[in-house]
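To find a chain, count down the sequence lines: A is the first, B the second, and so on, and within it residues start at 1. Everything numeric here is computed off the predicted structure, so don't read it as measured data.
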Amino acid sequence: MARVIDLHLHSEVSDDSRAPVEAYLKWLARKRDERPLDGIVLTEHRQFDTRSDYRDLEDKYGMLILKASEVETEYGHVLVYGVNDAMLQRFDFSNVRLRAQEVIDEVARMGGVAMPCHPGRPTIGLIEHYENRPPLEGVVGVEALNGGSKKGENERVATLIDTYGYHAFGGSDAHLVSFVGICATEFEKEITNTEELVGALRAGGYRPVDFRVRRAPAQPASSGT
Amino acid sequence: MKTLYFEEVEEGDELPPIDLLLTKDFVRTYAKTAGMDFPRFTDDEGARQEGLPGMIAPGVLSMGLLARLIGEWNQAAQITRIGTTFRSPVLPDCHIHLLGFVTQKDAEQHTAECDIWMENDEGERWVIGTATVVLPTRNS
């Protein structure tokens with residue numbers, strides 16, 4: 001059972017990460033006091049990982065491990081939770097020009113939920129595209145807190161949420177082992193499987209949580225020294 | 001700098017951070033020395049004409065600085081692989097912070113995997129990456 005879950009991270013299954021899932025879990029066990037997570041959701045880029053079976057790791061580390069996908073659309077990147085065979089037959093997840101409205105509508109119809117991630121990021125985030133295109137129908141929530149965002153990106157999302165009434169969630173977007181769980185989502189109800197996750201994401205009753213620790217930089221030396 | 005043996009290195013160890021003022025003069029000198037004497041690396045106006053906000057540091061300079069992070073942590077660490085993702089242009093005349101952790105060890109190969117990254121004062125991670133290093137052992 002899980003209440004605090006990192007809803008967005010990438011393992012070595014993605015083409016831009018070398019992080020093994022077990023290394024993530026060991027890191028979270030080591031950082032338990034700073035990042036009190038109960039679960040993670042692997043959101044591999046442009047694919048759904050049908051091969052990996054993490055049940056042994058769930059038992060070994062006492063963590064919920066679920067699988068989802070990060071796909072690419074003309075409105076930016078979208079996380080798809082509750083991926084099933086019907087969705088994989090309906091969409092080519094490797095297509096970087098998926099139609100966002102189709103993804104949101106069809107994923108919902110097929111039992112999942114599609115939620116835009118890092119919406120404040122240039123080019124691959126929702127906000128920039130809302131400046132030139134009509135808003136999407138059926139969006140229930142957006143990633144309001146992304147661990148990889150730069151200054152101002154997460155802040156821009158607050159206005160988006162106020163305007164459209166979206167639910168807000170968080171994820172680390174970790175590609176490196178040591179970044180897992182720096183941002184996550186806290187649910188009001190326990191989550192034990194993908195179906196419950198999808199139901200909760202649709203219904204609301206969750207919030208982003210920020211576990212980042214800012215270090216105090218030392219007085220820097222010149223690069224020339 | 002010091003020598004750390006494989007047996008002394010633990011998963012979770014932090015590489016001692018390096019905090020630097022990355023000056024434009026340093027970047028210019030590096031670019032010219034490395035045969036990369038292009039406006040984007042040497043001149044603000046020239047860089048702006050290429051659509052950049054100002055002169056930027058070459059990617060190999062950033063990788064070199066991250067390699068320095070490892071070298072200063074452990075002078076005996078032999079880097080066998082280093083991979084980086086450039087999340088944002090590295091703009092000189094600012095403070096940068098080089099950070100890293102040992103995340104995995106391989107007892108058979110006597111290697112360690114390190115997360116390494118460069119961030120600014122705001123905590124924005126401009127360059128992230130990983131490196132694999134071979135470490136000496138007490139018995140070798």
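Residue contact with chain A, scored on non-hydrogen atoms closer than 4.5 Å, involves the side chain of B:Glu113 exclusively. Looking at B:Glu122, both its backbone and its side chain come within 4.5 Å of chain A, counting heavy atoms on both sides.
Under a 4.0 Å N-O distance rule, the pair A:Glu70/A:Arg46 does not qualify as a salt bridge. A salt bridge links A:Glu74 and A:Arg99; the closest N-O separation between the charged side-chain nitrogens and carboxylate oxygens is under 4.0 Å. Comment: B:Asp44 engages B:Lys24 in a salt bridge, judged by a side-chain N to carboxylate O separation of less than 4.0 angstrom.
Using non-hydrogen atoms only and a strict 4.5 Å limit, the part of residues 144-159 of chain A facing chain B consists of A:Gly147, A:Gly148, A:Lys150, A:Lys151.
A 6.0 Å sphere centred on CZ of B:Phe86 holds more than 12 heavy atoms belonging to other residues, nucleotides or ligands.
For the pair B:Ile116/B:Leu98, no side-chain contact is recorded, criterion being any heavy-atom separation below 4.5 Å from C-beta on.
Aromatic ring pairs are classed by plane angle as parallel below 30°, tilted from 30° to 60° and perpendicular above 60°; the pair A:Tyr130 and A:Tyr164 is perpendicular.
Every residue was checked against the side-chain hydrogen bond (donor to acceptor under 3.5 Å, both in side chains) condition with B:Thr85, not counting sequence neighbours, and none meets it.
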